[in-house]
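Below is one structure, written out as structure tokens; the observations come after it.
Counting begins at 1 with the first residue of the sequence. Values below: all heavy atoms of this structure, side chains included; hydrogens, waters and symmetry mates excluded.
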Amino acid sequence: MAVTEQISGGRDTTAKIENFTHRLSDRLQTMREMTYPPEARKVFGRTFSTTDLVRLLGVPESTLRTLTLEGRGPQPHRADNNRRIYSVDQVWELRRFLADLRPDDALRLVPHRRPGEKVQVIAAANFKGGSSKTTTSVHLAHYLALQGYRVLCVDLDPQASMTTTFGIQPDRDLRSGEGEDERTDTTYDALRYDNYRIPFAEVIRETYFPGIHLACGNLRLMDFEYDTPTALAERRTDELGLFFQRLDAVIRSVEDYYDIVVLDTPPSLGYTTMAALYAATGLIITVHPAMLDVSSCSQFLKMIADVTHTLSDGGAVFEHDFTKFLLTRVNPNDGPQKIMSGTMRDLFGTDVLVSEAIESTAIASAGVAKKSLYEIEPGEVGRETLKRALESADRVNAEILDLIKKVWGREV
């Protein structure tokens, strides 16, 4: 009887969880349709003032005014208060227009990779949930795109938070990969070991954010964790190589189209994360400065060292142009956090980014709307709150960009 009850209870739990799944998915879809009508697709709604463009493009406001008066270049719209405003697409158009107008300033205005500058692959990693990997990845990608770089975001996390932030509901907008058509519309399609594998270029899609393309994730990414042991046991090989080489190989197949690739990794040290660490040229380890999080990070570092050492014996080479810790969700007024931040800086010195990602209600509010801070319009959150959060994000991302520029040999 006890066994029967346990089995029955198990079935009830499964049915209940399936019911939870459908109800939550339906509600999320309804919320998305309310947020992005009528097609329920995300768009970039924020506009940019001439003050914003002075900061982004580094040109005087008088130059922008002259272009408007002469009718040259993309022409701004007029807001209700008669201020000139530009769309995000026009920001990119202005970059190209001004670069043609001022060739000596072209590299700064359109800072794409030049011959000899290798694509930079930046991975945010830590197996502790809540360390702000996705927040860091998305904000870095958005910042880089606004600076004029061509960015590829690769979602490697089965939870697909990065994919969701780009306005895609993983369980509805992507194929399940079940049945005769095994395609999933995710990064998994390009990494898999069977005959359903397709070129990475066919997985990548444009996003609503100019300058950013996305390789999506969903639960099917877990299959890479299940498939790899079998492939290793059967000594299955193909042109992509072993599990840790596969992501690097597919990125190389599309690298001519991008300047920077941003990887959002799973909160675990599995085969997918190891592939990300191998493909990365720069590693950002996100750490919340609290005792449990720092202790977890210590175990994460030990596991990385052990696994990479084992793979190195087999010929794998893990080399990064830089490896940095980023302190995240920092509350400057929290005493214990100050102690842990000081401990990290005392131990690792310049391997900890100078800038810190502060904790802010602006980030939480942006997350509810599936936005980054760079998409928030003035008025959506408190002015000063948004200002402080944006200044923090800008400092962090500018510091990471400076590391990339140093690798390329550009002046910082």
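- Results of the side-chain hydrogen bond (donor to acceptor under 3.5 Å, both in side chains) test with Thr134 over Asp155, Thr265, Asp264, Thr286 single out Asp264 as the only residue that passes.
- Between Asp321 and Lys118, at least one side-chain N (NZ, or NE/NH1/NH2) sits under 4.0 Å from a carboxylate O, which counts as a salt bridge.
- Here His139 contributes atom NE2 and Tyr374 contributes atom OH; the two are 6.5 Å apart, rounded to the nearest 0.5 Å.
- Judged purely by distance below 3.5 Å, without hydrogens or angles, the side chains of Thr272 and Glu225 pair a donor atom with an acceptor atom.
- No side-chain donor-acceptor contact under 3.5 Å links Gln120 and Tyr149.
- With Glu377 contributing its side chain and Thr47 its backbone, the two residues share a donor-acceptor pair below 3.5 Å.
- Without hydrogens or angle criteria, Asn397 side chain to Ala393 main chain gives a donor-acceptor distance under 3.5 Å.
- Of all heavy-atom pairs between Thr186 and Val203, the closest is O-CG1, 3.2 Å.
- Among Asp223, Asp227, Asp238, the single residue meeting the salt bridge (charged side-chain N to carboxylate O under 4.0 Å, His left out) criterion with Arg197 is Asp238.
- Sparse packing is recorded around CD of Glu206, with 12 or fewer heavy atoms of other residues, nucleotides or ligands lying under 6.0 Å away.
- Tyr271 does not carry Arg246 over the face of its six-membered ring by the limits of under 6.0 Å from the centre and within 45° of the normal.
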query = Should Arg410 and Glu117 be marked as a salt bridge (Lys or Arg N to Asp or Glu O under 4.0 Å) after you check the CA-CA gap, both sets of side-chain angles, and the distance that decides it?
reply = CA-CA 10 Å; Arg410 299 187 186 183; Glu117 296 176 340; 2.8 Å; yes
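- Counting heavy-atom neighbours within 6.0 Å of Tyr257 OH, excluding the residue itself, gives a total of 12 or less.
- No side-chain donor-acceptor contact under 3.5 Å links Glu202 to the backbone of Pro199.
- Counting non-hydrogen atoms of neighbouring residues, nucleotides and ligands closer than 6.0 angstrom, the CG atom of Leu292 reaches no more than 12 such neighbours.
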inquiry  = Test salt bridge (Lys or Arg N to Asp or Glu O under 4.0 Å) on Lys387 and Glu391; report intermediate values, then the result.
reply    = CA-CA 6 Å; Lys387 181 173 180 287; Glu391 287 174 348; 2.9 Å; yes
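- Ion pairing between a basic and an acidic side chain is recognised when a charged N comes within 4.0 Å of a carboxylate O; Arg252 and Glu255 show such pairing.
- Considering every non-hydrogen atom in both Pro74 and Glu93, the closest pair reads CB-OE1, 3.4 Å.
- Crowding of Arg78 atom CZ: a count of heavy atoms from other residues, nucleotides or ligands under 6.0 Å exceeding 12.
- A salt bridge does not link Asp173 with Arg205: every distance from a Lys NZ or Arg NE/NH1/NH2 to an Asp or Glu carboxylate oxygen is 4.0 Å or more.
- Not one N or O on the side chain of Asp293 forms a donor-acceptor pair closer than 3.5 Å with the backbone of Val287.
- Side-chain rings of Phe44 and Phe209 approach one another, their centers coming within less than 6.0 Å.
- Here the side chain of Arg113 pairs a donor or acceptor atom with the backbone of Tyr258 at under 3.5 angstrom.
- A salt bridge links Lys371 with Glu380: at least one charged nitrogen is closer than 4.0 Å to a carboxylate oxygen.
- Between Lys302 and Asp306 a salt bridge is recorded (basic side-chain N to carboxylate O distance below 4.0 Å).
- Aromatic rings of His142 and Phe166 (six-membered ring for Trp) have centroids within the 6.0 Å cut-off, being under it.
- Environment of CD in Gln159: sparse, with no more than 12 heavy atoms of neighbouring residues, nucleotides or ligands closer than 6.0 Å.
- Looking at Thr207, its side chain does come within 3.5 Å of a backbone N or O of Ile212 through a donor-acceptor pair.
- Tyr193 and Thr228 share a side-chain donor-acceptor pair at under 3.5 Å.
- Within a 6.0 Å sphere centred on CG of Asn195, heavy atoms belonging to other residues, nucleotides or ligands number 12 at most.
- Counting non-hydrogen atoms of neighbouring residues, nucleotides and ligands closer than 6.0 angstrom, the CD atom of Glu411 reaches no more than 12 such neighbours.
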